[in-house]
Each structure stands twice: as C-alpha cells, then as structure tokens.
Asker: 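I have a structure here, written as structure tokens, and I will follow up with some questions on it.
If you're wondering where the values come from, they're calculated on a predicted model, not measured in any experiment.
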Amino acid sequence: MPVELVAKKPRKALPVHLVRKDGLDAAMLSPEALAWARANGFSGEAGRTLVLPGKDGAIGGALFGAGEGALQAGSLARALPAGDWHFAEMPADPELSALALMLGGYVFTRYGKKPGKALRFVLPANADADRVGRIAEGVFLTRDLVNTPTSDMGPEALEKAVRVLAKRHKADISVIAGDDLIRKNFPMIHAVGRASAEAPRLIDLTWGPKGAPKVTMVGKGVCFDTGGLDIKPSASMLLMKKDMGGAANVLGLASMIMAAGLKVRLRVLIPAVENSISANAFRPGDVLTSRKGITVEIGNTDAEGRLVLADALALADDEQPQLLVDMATLTGAARVALGPDLPPFYTDDDALAAELTAAAVAVEDPLWRMPLWKPYDAKLSSKIADMNNVTADSFAGSITAALFLKRFVEKSPSWAHFDIFAWNPAERPYGPAGGEAQAIRALERVISGRFG
C-alpha cells in the first residue's frame with residue numbers, strides 16, 4: 001500500500017501546511033516559506049501542492065491548497081515525495097482526510113504497474129485508524145475487482161473472489177450454477193448466462209448471528225456484456241468488464257461490515273453471468289418466467305442486468321430483511337441524467353432516503369434521490385406477457401429500470417436501488433482513472449448508524 005498511516009510521529013516527518021485560497025497571509029508560515037510560495041505563484045488553489053525547500057538542498061515541507069472537500073487531500077499521495085509527513089494544522093475532517101490519503105495512493109498492480117513511491121503519514125488526532133483502514137480496504141477490493149478484465153474476472157473468478165472474502169471473515173457461502181439454476185427456480189439468471197463458456201451462477205454469502213437484524217445486498221455480476229443478440233457497438237463494449245461493478249461494490253461494502261463486526265445478519269447475493277452470443281442465447285421476443293412467477297417479454301437482450309437482479313431480489317425478498325439494497329451498473333440513462341460522478345438511488349422509504357442523503361454529504365460519497373414515478377410503470381407493459389424488460393421509447397430509462405426491479409420486492413420494509421457507474425473516467429484526487437466504489441461509504445455510514 002503506497003500510503004501508510006502511522007500513529008506515532010516519526011522524528012523527521014515533514015509538515016504539510018494547509019492553506020486556504022488566497023490565505024497565505026493567514027497561514028502560519030515562515031518568511032522563507034511565504035516568499036517561496038509567492039515566487040512560485042502559489043496562493044492556496046484547491047488541490048495544489050507546492051514542495052518547500054529546506055536546508056542544504058533538502059525538502060523542508062509542503063504547502064497544500066485546502067478546498068471545501070476533505071477528499072481533495074488524496075492528491076497529496078501522488079504529489080508528495082516519498083518519506084514521512086504530517087499535517088502541520090488539523091484538517092477540518094481528520095478522519096476523512098486520512099482516508100483520502102489512502103484512497104489517493106491506490107494503484108492497480110496486478111498486471112505489472114509499479115506501486116509507486118511509499119509515503120508514511122501521521123494519522124491526524126481524533127481519526128479512527130481501524131475504521132479508516134477497513135473503509136479503504138473495502139474500496140480497494142471494489143476497485144481491484146472492477147479493474148480486472150473479464151479474461152481473469154469471469155463468473156468463475158468472481159465466485160473465487162467471494163470465497164476468498166468469505167474465508168477471511170468466516171462467512172458461509174453457497175453457489176447454484178449451470179442447469180441447477182433451472183432446477184432451483186432461477187430461470188432468468190440461467191437464460192441470461194447460458195450462452196457463455198462459463199456457467200451462470202448465483203453466489204450466496206451469509207455472515208453474522210441468525211437472530212440479528214437482516215441486511216441483504218444484491219449486486220449485478222454481469223462479468224461482460226456484449227449486449228447479447230442485440231449486440232452493442234464495439235465502442236460501447238470497451239468498458240464492459242465493469243458491468244459487474246454492482247457485485248464489486250456490494251462485496252466492498254460487505255468487507256467493511258464484516259471487518260467492523262456489525263451486529264447484523266448479512267446476506268450477499270450475486271447473480272454472476274456473462275451476456276454472450278451463441279446458438280442458445282436468449283432472443284428478443286422470448287418470454288421468460290421469473291422466479292417470482294412474473295412473465296417477462298424480452299424487448300432487448302441488452303437490458304439483461306435487471307433480469308438477473310429480479311431473480312436474486314425475489315429470493316432476498318422472501319426473507320423480509322430489515323434493509324434490502326441492490327447495486328448495479330444498470331443504465332446509460334442514469335449517466336445521461338447525472339453524469340459519472342453522481343449515482344441516482346431509488347427508494348420509497350423516506351427515512352432511509354434522508355439518512356442516505358445526509359451520509360452522502362458527510363462522507364463525500366455523492367448520491368441523488370430519483371423518483372419511483374408510478375405513471376411510468378405502464379411503459380413496461382407487454383401485449384403477451386406480464387411485462388416487458390424495456391419500454392417502447394427512450395425516456396426515463398433509469399426510472400423505468402428501477403420500477404422494473406420494484407415489482408420483485410414486495411415484502412421487505414425498506415429497499416433501495418443504486419444505479420451506479422463504478423468507474424472514474426479521469427483521475428480524481430481520491431483515486432486514479434478506472435474502477436471505483438460508489439455509494440458504499442455512504443451506505444456503510446447508514447448501516448453502522450442503524451446496526452452498529
């Protein structure tokens with residue numbers, strides 16, 4: 001891990017001075033540091049780092065433009081020279097600033113990329129080192145899974161990754177794969193994944209005491225999405241290794257929950273498939289009978305994520321968990337509406353929505369509530385089946401996808417659907433371009449507050 005947080009300040013740790021925009025005069029800087037900053041045109045611009053010279057050509061410290069968000073501190077992980085550092089002034093949010101340093105130092109090294117320089121940073125006072133560590137570990141797990149190409153992260157490899165996580169936390173795991181999905185009544189998971197060389201499967205992880213409040217998470221595990229017979233253009237396939245980003249995110253969140261030892265009965269359900277093309281691929285116009293008994297006409301084979309989620313949600317709903325969450329890289333419509341950085345979520349539980357909104361602000365994990373607009377439900381009608389998996393027009397695609405899933409959740413008192421992107425298109429202060437954890441830090445805060 002490029003950034004190591006240490007509790008005890010090393011003797012030669014160098015200071016990082018936090019400077020607000022146009023706040024040089026207010027900063028407690030030496031005359032030499034002040035002169036150097038002015039000579040280099042540094043005035044506290046948010047996110048900018050300026051290394052200060054010391055004696056005999058050594059490094060004397062650094063200035064950092066402290067903006068509004070604590071996560072901006074993550075850029076220090078890449079901007080500072082290797083060595084030992086500490087904040088000269090207490091950050092406004094010490095714990096989130098510490099987390100930012102760790103997240104900003106992430107590098108995906110599986111295929112030979114070097115981890116980069118090593119930094120040690122003194123943990124700010126009042127920051128919980130254990131909490132920061134487990135949150136960072138969950139985010140890194142999510143990023144690693146999403147960044148891994150399908151050649152090494154198909155349904156079988158995703159199952160192995162879940163088994164590794166289960167073993168680490170002494171969780172139980174069971175898997176239903178291949179034609180057993182038909183025998184165990186998961187027909188839509190089977191239909192979507194049967195054309196792949198790797199058998200489709202439903203991965204089921206459970207952890208925690210049986211009598212504890214039930215928290216169930218369902219993650220879309222489409223390890224690659226060609227679009228099926230409604231094949232995507234080649235440009236639209238370039239990032240489809242990340243179509244299992246929902247599964248990766250719920251596993252990252254599960255890691256945080258289990259590492260914290262929260263008093264919950266946790267269940268994680270991942271329908272793991274590859275939406276491929278073969279002679280036995282499901283077709284436009286087919287009618288599938290779901291686990292719940294609802295018949296679904298296939299208007300488009302590229303709207304497969306909601307099909308596998310529906311069977312898994314029906315299973316989850318049977319247990320009536322106190323909280324049921326699903327996460328999926330489900331629609332391009334969500335990106336058109338809100339862009340890559342702001343995932344929409346859907347719930348008809350106003351109390352949960354308020355908690356999520358507050359948590360998103362507190363931990364700088366952006367979320368935006370979107371409506372389950374009931375009049376749009378009619379758009380999912382079919383002339384020959386109970387419903388279609390797509391609408392006849394291109395309007396409100398993220399909303400209608402959420403409404404599709406809602407039909408498979410009837411018993412659970414509190415449900416939320418997250419339509420995430422799971423990807424940073426460009427480098428951020430808190431991480432490089434590539435796979436990203438979205439919404440799970442906010443969810444962790446809510447779940448810890450309810451069940452911690």
Asker: So, do Glu45 and Lys21 sit near enough that their side-chain heavy atoms are less than 4.5 Å apart?
Answerer: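 When only atoms from C-beta onward are counted, Lys21 and Glu45 do touch, with a gap below 4.5 Å.
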Asker: Quick check: closest heavy atoms across Thr142 and Ala248, and the distance to 0.1 Å?
Answerer: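 In this case the closest contact between Thr142 and Ala248 is OG1-O, 2.9 Å.
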Asker: So does Ser412 get a backbone contact from the side chain of Asp317, meaning a donor-acceptor N/O pair under 3.5 Å?
Answerer: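 Between the backbone of Ser412 and the side chain of Asp317 there is a qualifying donor-acceptor contact (under 3.5 Å).
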Asker: Can you find a heavy atom in the side chain of Leu315 that is under 4.5 Å from one in the side chain of Phe186?
Answerer: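 SC-SC contact between Leu315 and Phe186 confirmed.
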Asker: Do Ile420 and Thr329 have side-chain heavy atoms sitting under 4.5 Å apart?
Answerer: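 Sidechains of Thr329 and Ile420: in contact.
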Asker: Distance check, rounded to the nearest 0.5 Å: Lys170 atom NZ versus Met258 atom CE?
Answerer: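 Going from the NZ atom of Lys170 to the CE atom of Met258 covers 13.0 Å.
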Asker: CD of Gln438 to CG of Asp419: how many Å apart, nearest 0.5 Å?
Answerer: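 Separation between the atoms: 10.0 Å.
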Asker: Return the CG to CG distance between Leu145 and Asp152, rounded to the nearest 0.5 Å.
Answerer: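 Here the rounded value is 12.0 Å.
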Asker: Does a side-chain heavy-atom distance below 4.5 Å link Met256 with Val139?
Answerer: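 Side chain of Met256 against side chain of Val139, heavy atoms only: contact under 4.5 Å found.
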Asker: Can you check whether Phe87 and Phe121 have ring centres sitting under 6.0 Å from each other?
Answerer: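 Ring centres of Phe121 and Phe87 closer than 6.0 Å.
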Asker: Do Met244 and Ile270 have side chains that get closer than 4.5 Å, going by heavy atoms?
Answerer: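 They are not in side-chain contact.
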Asker: Among all residues two or more places apart in sequence or in another chain, which pass the salt bridge (charged side-chain N to carboxylate O under 4.0 Å, His left out) test with Asp341?
Answerer: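 With sequence neighbours excluded, Asp341 shows a salt bridge (charged side-chain N to carboxylate O under 4.0 Å, His left out) to Arg428, given in chain and number order.
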Asker: Quick one: does any side-chain atom of Arg306 pair with a main-chain N or O of Leu330 as donor and acceptor, under 3.5 Å?
Answerer: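 Judged by distance alone, no pair lies under 3.5 Å.
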Asker: Set out, in order, the CA-CA distance, both residues' side-chain angles and the distance that settles salt bridge (charged side-chain N to carboxylate O under 4.0 Å, His left out) for Lys220 and Glu304, then state yes or no.
Answerer: CA-CA 10 Å; Lys220 174 186 171 185; Glu304 84 299 329; 3.7 Å; yes
Asker: Check whether any side-chain heavy atom of Met90 lies under 4.5 Å from a side-chain heavy atom of Pro124, and answer yes or no.
Answerer: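 Yes, at least one pair of side-chain atoms sits under 4.5 Å.
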Asker: Just grab all the ring pair (Phe, Tyr, Trp, His ring centres under 6.0 Å) pairs involving residues 328-366, residues at least two apart or on different chains.
Answerer: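 Residue pairs passing ring pair (Phe, Tyr, Trp, His ring centres under 6.0 Å), neighbours aside: Phe345-Phe418, Tyr346-His417.
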Asker: Identify which one of Val363, Val132, Leu5 satisfies the side chain to side chain contact (heavy atoms under 4.5 Å, CB included) criterion when paired with Leu99.
Answerer: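 One option only clears the test, and that one is Val132.
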Asker: Is there a side-chain contact between Met240 and Asn275 (heavy atoms, below 4.5 Å)?
Answerer: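 They are not in side-chain contact.
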Asker: Any side-chain heavy atom of Leu34 sitting closer than 4.5 Å to one from Arg38?
Answerer: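 Yes - at least one pair of side-chain heavy atoms lies under 4.5 Å apart.
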